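Below is one structure, written out as structure tokens; the observations come after it.
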Protein chains: 2
Amino acid sequence: MVVFAGQGDARRSMALLWRTPGPGEARPGPKPGLSVDVIVDAAIAVADADGMAALSMRAVGERLGRTGMALYTYVPSKSELVDLMHDRVLGELPVHYGLEEGWRAAATSWARDAWAFYLRHPWVLQVSQARPVLGPNEYAMLETVLRILRGTGLEAGVLRRVVGTLFHFVRGVAQTAAESRQAPATTGVSDDEWWLARSALLREAVPDFADRFPTVAWLESGAVEAPVDEDEAVPYLEREAKKTFEAGLTVLLDGIEAAVDRAGLPSR
Amino acid sequence: MVVFAGQGDARRSMALLWRTPGPGEARPGPKPGLSVDVIVDAAIAVADADGMAALSMRAVGERLGRTGMALYTYVPSKSELVDLMHDRVLGELPVHYGLEEGWRAAATSWARDAWAFYLRHPWVLQVSQARPVLGPNEYAMLETVLRILRGTGLEAGVLRRVVGTLFHFVRGVAQTAAESRQAPATTGVSDDEWWLARSALLREAVPDFADRFPTVAWLESGAVEAPVDEDEAVPYLEREAKKTFEAGLTVLLDGIEAAVDRAGLPSR
DNA sequence: CTGATATCTTCAGGACGTGAAGAGTCGGCT
DNA sequence: AGCCGACTCTTCACGTCCTGAAGATATCAG
């Protein structure tokens, strides 16, 4: 489920996102029993607990002791609610990273924080990035990363793409890790069980595997690693994703350093 | 909508994926009017045309002049159908890349082919990668990339993560590009209109933008580029994504070269 | 107190996946 | 030749989703 943003009245969305004060005067009618804030918080709680698929207007309403329809007084539609959830939760990300140890150390810290954030709120990865909602925390996050990477001295046009690449990388790998974490819960099968069953079936269905995919077979034969210092509480696939993340981050930052060197600037 | 894989009878899934011949004998009952193949093709057509959200059993059935329920004779569930679609469509990817010009040229070609593929079938990006289905074309793709990058001489453990990083990068950026392409169609608003309207509203709602996000403001002020050689048929956001893709690919491959150098091996 | 307005509920309509039941079709055995 | 049983496909049903419309209730301005 990719959720798109801001279909409704764009001006109202902006006002909700940036908290432009509304009418604000005393008005007739019953006192509001809810508010946009408590609704957004409840929605985030639902999504954190049971995933985006479980995020329904009813579920959010019931968490607040109302029906689903009650929310429509405060929020124009589910789509806008998702926008608000997204921007709100992005506020958890740190925004201050010291540059005393150079941009590379700061960028590494940020990437790791973002990684942890995405695993804490995996549903964020299902909100479409194509047309960002342009909320305050989204800009704060962009500002943070730009400030860090401006230290590279790269020219603005290049910088923008480098930042985009970094975002996409973190999101991409985190997405796989998040789905790995979600899978055992929704399917009731642990990673190890799953992998064991699947590879057995694969051998059965494809006896000539090693002939058809020699390089894959070579890779898997050499895949046995010393299980040193592994956190057994973290399931296999998620551990793998984390390793890919760390390795990929190194590669990516090496590549950025290469770009900096090529531009004839000192690395720090 | 993230679609998970293979909930049903795992053995039957494997057989469907790898085309292990079934009973195959003449059997009583009406002749099958459909087949797994035509169903999968129809489903791919639906997903290509209207996206994963529009992929319903009913929609696929109607495209074939049947009801949705008719499909359940051939395919155990929607989830398995998605698996079959995924693996089938991966067969479009080329598998042969010459290494005469070195691994970097081949990797670049592969990445660009994969990019085009994902934009041709954007729904593929919504199929979860966490627990891959292990179909023939999935392995063929892995085999292809591994063969290319084995030319780096990197050790197996590192290689696996580098390949993972490359996959995630291509998928991640392509996902944004694909959603960009999808957005105008589903919202009826072009990228330019959307951006214009949004930034106007943003200025209106946040007059002190440049003070709050100075680095972002700096970046956007320097964002005016010579519009040389641009394909006007490709909308703005997708063009941006493509540029990020190309720049990121360069950075990534530079990073891989750095890893190769560090391992004390010649770059080609 | 009255009328206007806001909140919240109930009902309804059209989507979705898929289980169960039944109609119709055809191969193979008696 | 005739019928049984396997097979395809449809219809109905249930529980889920979002959300428009209508109505009950609560509160404030005058």
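Predicted, not measured: the structure shown is a model, and the values here were computed from it.
Among the atoms of the strands shown, none is found under 4.0 Å from any heavy atom of B:Leu81.
Taking A:Tyr118 as the reference, nothing meets the ring-ring contact (aromatic ring centres under 6.0 Å, His included) condition, with sequence neighbours excluded. The salt bridge (charged side-chain N to carboxylate O under 4.0 Å, His left out) search around A:Arg120 returns A:Glu92, not counting sequence neighbours. For the salt bridge (charged side-chain N to carboxylate O under 4.0 Å, His left out) test, no residue two or more places apart in sequence or in another chain qualifies with A:Glu62.
Reading DNA chain C from its 5' end, the first and the last nucleotide to sit under 4.0 Å from a heavy atom of chain B are C:dC16 to C:dG28.
Here the side chains of A:Val133 and A:Asp87 are not in contact, with every heavy-atom distance at 4.5 Å or above. Using a 4.5 Å cut-off on side-chain heavy atoms (C-beta onward), B:Leu237 and B:Pro235 make no contact. Taking the side chain as every heavy atom from C-beta outward, B:Arg12 and B:Pro76 approach each other to under 4.5 Å.
Note that OH of A:Tyr139 is 4.5 Å distant from CZ of B:Phe209, once rounded to the nearest 0.5 Å.
B:Glu80 and B:Ser13 share a donor-acceptor pair across their side chains, judged by distance under 3.5 Å alone. Side-chain contact of B:Glu179 with A:Ser128: a donor-acceptor pair under 3.5 Å is present, judged by distance alone.
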Legend entry - For DNA chain D, the dot-bracket pattern of Watson-Crick and G-U pairs whose distances stay under 3.5 Å, | for other-strand partners: ||||||||||||||||||||||||||||||
Legend entry - Where protein sits on nucleotides 2-12 of chain D, one letter per nucleotide: B base, S sugar-phosphate only, - none, heavy atoms under 4.0 Å: ---BBBSBBB-
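The minimum heavy-atom distance linking A:Ala174 with A:Leu119 is given by the pair O-CD2, 4.0 Å.
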